[in-house]
Amino acid sequence: MQTSTPRPPGPPRTSSAQRAATVALTALAPASWGTTYAVTTELLPPGHPLFAGLMRALPAGLLALALTRVLPRGDWWWKAAVLGALNIGAFFPLLFLAAERLPGGVAATLGAAQPLLVAVLAVAVLRDRPTAWRLCWGVVGVVGVGFVVLGPGARLDAVGVLAGLAGTATMALGLVLAKRWGRPAGVGPMALAGWQLAVGGLMLLPLTLAVEGVPQRIDAGAAAGYLWLGSMGGLIAYTLWFRGIGRLPVGASAPLVLLSPLVATLVGLGLGESLGLLQSLGFVLALAALLAAQLDSPRGLRRAPGDGVRDRDPAPAPHPDREASPRDPVAGGPAR
């Protein structure tokens with residue numbers, strides 16, 4: 001009679017198909033954000049970036065709270081406030097200001113620097129040394145996006161550039177802190193997204209009324225634009241985003257933001273723009289960087305520059321029903 005050899009104990013490994021599904025769903029968030037630039041310039045009334053951020057955040061946040069009926073507890077009151085301020089309250093008006101003052105592709109390119117900022121912040125906040133593989137592909141992604149959208153005719157506005165860079169920095173810090181803190185037990189990604197959207201919207205409400213007020217005219221196109229930004233670009237996107245970054249390594253989730261400028265470029269093509277040879281090459285480079293960041297590092301590229309020890313590959317993503325915890329390395333959070 002044959003006896004089976006017992007399998008060694010260890011954490012359950014997520015299959016490649018489950019990992020790919022998580023990446024695909026998470027990627028829908030930055031892909032939808034890539035439509036923000038066209039919606040802002042084509043549909044929304046100009047000169048109201050604060051109001052646009054308010055309409056994108058507050059209704060979606062209140063709807064999420066009504067659907068989930070879950071409020072923060074304990075130290076999650078201040079954590080939700082910090083994340084809401086970074087990811088929503090500061091990021092949204094900076095995003096719309098950049099979108100108004102810069103061509104959509106140029107504004108989106110500034111956001112392509114986020115993976116590199118995340119890599120730097122992850123060292124300080126997560127004690128996570130990025131692999132040279134992902135750092136190299138992060139640079140390739142920025143260069144590729146730059147080829148796509150920056151050309152001799154690109155119009156650069158100083159205020160718009162500063163707003164775009166500041167928005168990129170705030171969201172990069174928000175991503176790293178969200179990965180650091182994880183989600184409280186029993187709280188789903190929609191509730192976490194709703195807390196932040198509500199906090200950010202409440203922050204923007206008095207500022208919007210004091211500085212901009214309500215646009216004099218909101219036509220059907222503007223109403224449709226606000227609805228799209230608040231639903232797909234707001235509640236749905238942020239629910240998928242916080243679900244994904246809790247399950248994926250930070251080095252794999254951050255490069256997904258490259259989809260935003262790529263989608264912005266594709267939308268521009270649909271509006272009559274065209275790509276030259278250099279821009280087409282940049283598109284391919286950016287797409288290759290995004291895909292390569294999802295792969296494991298080759299053995300020779302596991303070390304980060306200046307790091308004398310071999311960088312550990314991230315633990316496998318958890319089972320879809322398992323929450324990430326900042327104290328559980330198996331669930332995707334950094335160990336303390």
With a 4.5 Å heavy-atom cut-off, do P45 and R217 have their side chains touching? no

Determine the minimum heavy-atom distance between L43 and G221, stating which atoms define it. CB-O, 3.7 Å

Is it true that L58 and L209 fall in one hydrophobic cluster, defined by side-chain heavy atoms closer than 4.5 Å? yes

Between N87 and L175, which heavy-atom pair has the shortest distance, and what is it? OD1-N, 4.1 Å

Nearest 0.5 Å, please: how far is CG in L192 from CG in L83? 7.0 Å

Centres of the Y226 and F51 rings: under 6.0 Å? yes

I want to check something: taking the side chain as every heavy atom from C-beta on, are F91 and T168 in contact at a cut-off of under 4.5 Å? no

M55 side, atom CE; H48 side, atom NE2 - distance, nearest 0.5 Å: 12.5 Å

Consider only side-chain heavy atoms of I, L, V, M, F, W and Y, link residues closer than 4.5 Å, and tell whether L54 and L227 are in one cluster. no

Does any donor atom in the side chain of W241 or T26 lie under 3.5 Å from an acceptor atom in the other side chain? no

Between L28 and L25, is there a side-chain heavy-atom distance shorter than 4.5 Å? yes

Minimal heavy-atom distance between L256 and P30, with the atoms involved, is O-CG, 3.3 Å

Do W76 and K79 make a side-chain contact, defined as non-hydrogen atoms from C-beta onward lying under 4.5 Å apart? yes

State yes or no: are the ring centers of W78 and W195 separated by less than 6.0 Å? no

For the residue pair E212 and P49, establish whether any side-chain heavy-atom pair is separated by less than 4.5 Å. yes

So how far is it from S32 OG to I236 CD1, rounded to the nearest 0.5 Å? 8.5 Å

Looking at P72 and W77, what are the two nearest heavy atoms and their distance? O-NE1, 2.9 Å

In short, A85 meets V199 closest at the heavy-atom pair N-CG1, 4.4 Å

Residues L204 and L50: closest non-hydrogen pair is CD2-CD2, 4.1 Å

May I ask you to decide if the ring planes of W33 and Y238 are parallel, tilted or perpendicular, using 30° and 60° as cut-offs? tilted

Linking I/L/V/M/F/W/Y whenever their side-chain heavy atoms sit closer than 4.5 Å, directly or via other members, would M171 and W181 fall into one cluster? yes

Side-chain contact test, heavy atoms from C-beta onward, threshold under 4.5 Å: evaluate it for R56 versus L95 and give yes or no. yes

How about L63 and L235: do any of their side-chain heavy atoms sit closer than 4.5 Å? yes

Joint cluster assignment, M190 & L71, ILVMFWY side-chain distance < 4.5 Å: yes

Quick one: does L229's side chain get under 4.5 Å of F96's, heavy atoms only? yes

Please determine whether residues L94 and V161 belong to a single hydrophobic cluster, defined as Ile, Leu, Val, Met, Phe, Trp and Tyr linked transitively by side-chain heavy-atom distances below 4.5 Å. no

